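This is a predicted model, so every value here is computed, not measured. Lettering of chains follows the sequences in order, A, B, ..., and the numbering in each one begins at 1.
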Amino acid sequence: NVFKGTHDEL
Amino acid sequence: MNIFRLAADMTHLISILVLLLKIHATRSCRGISLKTQDLYALVFLFRYLDLFTRYISLYNTVMKLVFLGTSFSIIYFMRFHRVVRNTYDKEQDTFRSIFIVVPCAVLALLINQERSVLEILWTFSIYLEAVAILPQLVLLQRTQNIDNLTGNYVFLLGTYRGLYILNWIYRYLTEPHYRQWIVWLSGVLQTGLYVDFFYYYFLAWRNNQKLSLP
């Protein structure tokens with residue numbers, strides 16, 4: 001899922 | 001992890017430490033909006049539900065726990081500490097949180113990237129963080145003689161989100177498939193809310209005067 005990107009941000 | 005992201009997270013962390021320092025050193029939370037602090041606790045609570053479901057890195061887990069712990073301890077001091085709670089400007093802190101919580105919840109239900117409870121709560125936290133500073137900005141406008149630590153706290157909070165924008169530009173340019181328009185739009189709006197504050201903050205700094213918002 002390309003949208004998962006920013007779930008690694010705080 | 002790039003330098004902008006690290007700088008942003010550190011600025012965010014320092015802003016919280018500055019607020020805790022203010023509360024500890026002056027035994028006062030004068031000029032601080034409990035409504036904004038409540039909203040931030042809600043933001044962290046809903047955003048970090050993935051602490052239990054997804055491991056990203058030790059850095060990520062530790063920072064999440066620190067943000068959760070510090071935000072709830074700030075609320076504890078403002079509500080229950082026998083000295084600090086008496087310094088809270090309850091009469092001035094009149095912003096109605098419900099007017100931003102409900103629209104953000106509706107928006108998260110309507111505009112999200114995945115129909116799952118975790119994802120919708122995460123999206124809600126993104127929308128809510130964008131506007132959570134509003135009660136604090138309203139309170140600052142009503143506060144005479146904003147003290148240095150309070151002014152710097154808000155300044156660091158605004159800087160943190162501004163640095164995240166640089167991080168997003170960097171990641172957009174360097175990572176394929178990095179598209180996050182919900183986060184980007186919310187982040188730009190969030191930073192935009194500080195523009196007015198930044199203007200008066202720099203004006204006070206340049207003229208060597210105490211910060212006050214007209």
### Summary
Assert top hit (heavy-atom pairs under 4.5 Å, partner chain A, pool Ile56(B), Asp50(B), Ile182(B)) equals Ile56(B)
### Query
Is there side-chain contact between Tyr160(B) and Leu10(A), with at least one heavy-atom pair below 4.5 Å?
no
### Residue Phe44(B) versus chain A: region with a heavy atom under 4.5 Å
neither
### Query
Counting heavy atoms not belonging to Phe52(B), are there more than 12 under 6.0 Å from its CZ?
no
### Query
Do we see a donor-acceptor contact under 3.5 Å between the side chains of His7(A) and Gln180(B)?
no
### Query
Side chain, backbone, both or neither: which part of Tyr59(B) has an atom under 4.5 Å from a heavy atom of chain A?
side chain
For residues 189-198 of chain B, please give each side-chain donor-acceptor pair under 3.5 Å, one per line with the distance, not counting sequence neighbours.
{"unit_1": "Gln190(B)", "atom_1": "OE1", "unit_2": "Arg161(B)", "atom_2": "NE", "d": "3.1"}
{"unit_1": "Gln190(B)", "atom_1": "NE2", "unit_2": "Glu129(B)", "atom_2": "OE2", "d": "3.2"}
{"unit_1": "Thr191(B)", "atom_1": "OG1", "unit_2": "Gly187(B)", "atom_2": "O", "d": "2.8"}

### Task
Answer yes or no: does atom CG of Leu185(B) have more than 12 heavy-atom neighbours from other residues, nucleotides or ligands under 6.0 Å?
yes
### Message
At under 4.5 Å between heavy atoms, what parts of residues 60-81 of chain B are in contact with chain A? List them by residue number.
### Response
Asn60(B), Met63(B), Lys64(B), Phe67(B)
### Query
Tell me, do Met1(B) and Glu9(A) make a side-chain contact under 4.5 Å, heavy atoms counted?
no
### Query
Should Arg54(B) and Asp8(A) count as an ion pair when the cut-off is N to O under 4.0 Å?
no
